[in-house]
Amino acid sequence: MSAREEILARVRSAVADVTTEPATPAPPGSLGAEGLPVVEARDSGSGSGPGRLPLFVERVADYRATVLHARPGEVGAVVAAALRDAGCRSVVVPTGLDDAWLQGLGGDVSVVREAQAPSHVELDGVDAVVTGATVGIALTGTIVLDHGSGQGRRELTLVPDTHVCVVHDDAVVPDVPDAVARLRPDATGARPLTWISGPSATSDIELQRVEGVHGPRTLVVVLVAEPGAGPAPGASGPVSESVPASEVRA
């Protein structure tokens, strides 16, 4: 008898007299065995609930990220203000990024195109990156990039110290299963994915939090929504209100 067979035989012997009745699913809204609320399973495509945007903002802010609100015509001004507030003097932009998102930069922030930064050596000298996102997940505060048009290769969002990510309200879904269904609706067209939950952070053996080790130290999320579609007032965390283009200082 091999060691594996011996171990399995002992396990079978130990549980031979154990009888467990099938667990009855807890109703949605009640507390499960771990004291966590039971969430009702949902089909993909159900991400149109009114509460998903406030929840997304709250969870993103929980990760010490900054959330800015913008209407569709204000994205460029809000992005420019975010870069200036972070002290960024240069920014790399991926191929396919909407040029309107860069119109507010002026001459105080130099723009580096993705093709001009072919390796980490060039990226290491750039302060920030601006990208779009494919999906935002309300329950976890996670942003997912599939590195398509306007999102760039993975290296672009790992090396610069500041990441400004523009997320449209219709890209925010309630939970991870909804995100997976949207990211890969069938078995074809798979892409590498980057799942971002706040700025890069890790802890040493003494539980001292260190940010910026494996990616950007600063994450700014620009949530784009029509008036009335955004989060309700009172969302927690470092959340900034919408910045109209006319009020952004050059």
Side-chain angles (χ1 to χ4, degrees), residues 1-49 51-65 133-148 151 153-155 157-158 163 165 167 171-217 219 221 236-237:
M1 178 182 294
S2 66
R4 177 178 179 275
E5 292 171 340
E6 182 179 356
I7 292 171
L8 291 176
R10 289 185 180 183
V11 172
R12 294 189 189 100
S13 175
V15 301
D17 59 344
V18 176
T19 56
T20 303
E21 295 294 330
T24 302
S30 63
L31 296 181
E34 295 81 13
L36 299 176
V38 176
V39 180
E40 185 177 10
R42 61 174 68 85
D43 295 329
S44 62
S46 62
S48 58
R52 61 193 169 85
L53 295 183
L55 179 60
F56 177 68
V57 169
E58 178 184 340
R59 295 298 165 84
V60 171
D62 282 345
Y63 287 114
R64 303 185 184 180
T134 303
V135 174
I137 305 174
L139 189 63
T140 62
T142 302
I143 300 158
V144 187
L145 278 60
D146 69 1
H147 302 286
Q151 298 176 41
R153 63 188 192 275
R154 293 194 69 205
E155 193 176 32
T157 55
L158 294 177
H163 182 189
C165 187
V167 181
V172 178
V173 298
D175 204 349
V176 174
D178 304 298
V180 172
R182 181 175 294 197
L183 289 164
R184 193 174 181 183
D186 53 49
T188 62
R191 290 178 177 270
L193 303 174
T194 300
W195 298 61
I196 301 170
S197 297
S200 171
T202 188
S203 296
D204 61 18
I205 195 171
E206 296 180 351
L207 301 181
Q208 298 296 319
R209 180 184 172 98
V210 181
E211 297 180 344
V213 176
H214 307 295
R217 190 189 317 269
L219 174 64
V221 176
S236 61

With the side chain counted from C-beta on, respond yes when H163 and L145 share a heavy-atom pair under 4.5 Å apart, and no when they do not. yes

Not counting sequence neighbours, which residues clear salt bridge (Lys or Arg N to Asp or Glu O under 4.0 Å) with E5? List them please. none

Considering non-hydrogen atoms only, spot the tightest contact between V60 and G141 and give its length. CG2-O, 3.6 Å

Given L139 and V176, is the side-chain contact (heavy atoms from CB on, under 4.5 Å) satisfied, shown in steps? CA-CA 8 Å; L139 189 63; V176 174; over 6 Å; no

For the student: nearest non-hydrogen atoms of D17 and A14, plus distance: OD1-O, 3.7 Å

What are the two closest heavy atoms between P199 and R64, and how far apart are they? CG-O, 3.8 Å

Looking at residues at least two apart in the chain, or sitting in another chain, which of them share a side chain to side chain contact (heavy atoms under 4.5 Å, CB included) with R154? H147, T194

From CD1 (I196) to CG (L158), nearest 0.5 Å: 8.0 Å

Work out which heavy atom in A138 is nearest to a heavy atom in R52; give both atom names and the distance. CB-O, 3.3 Å

Check side chain to side chain contact (heavy atoms under 4.5 Å, CB included) between L8 and all other residues, then give those that pass, not counting sequence neighbours. R4, R12

Please list, chain by chain and in numerical order, all residues satisfying side chain to side chain contact (heavy atoms under 4.5 Å, CB included) with T142, sequence neighbours excluded. I137, T140, V144, W195, S197

Test item: D146 side-chain N/O and G148 main-chain N/O as donor-acceptor pair under 3.5 Å: yes

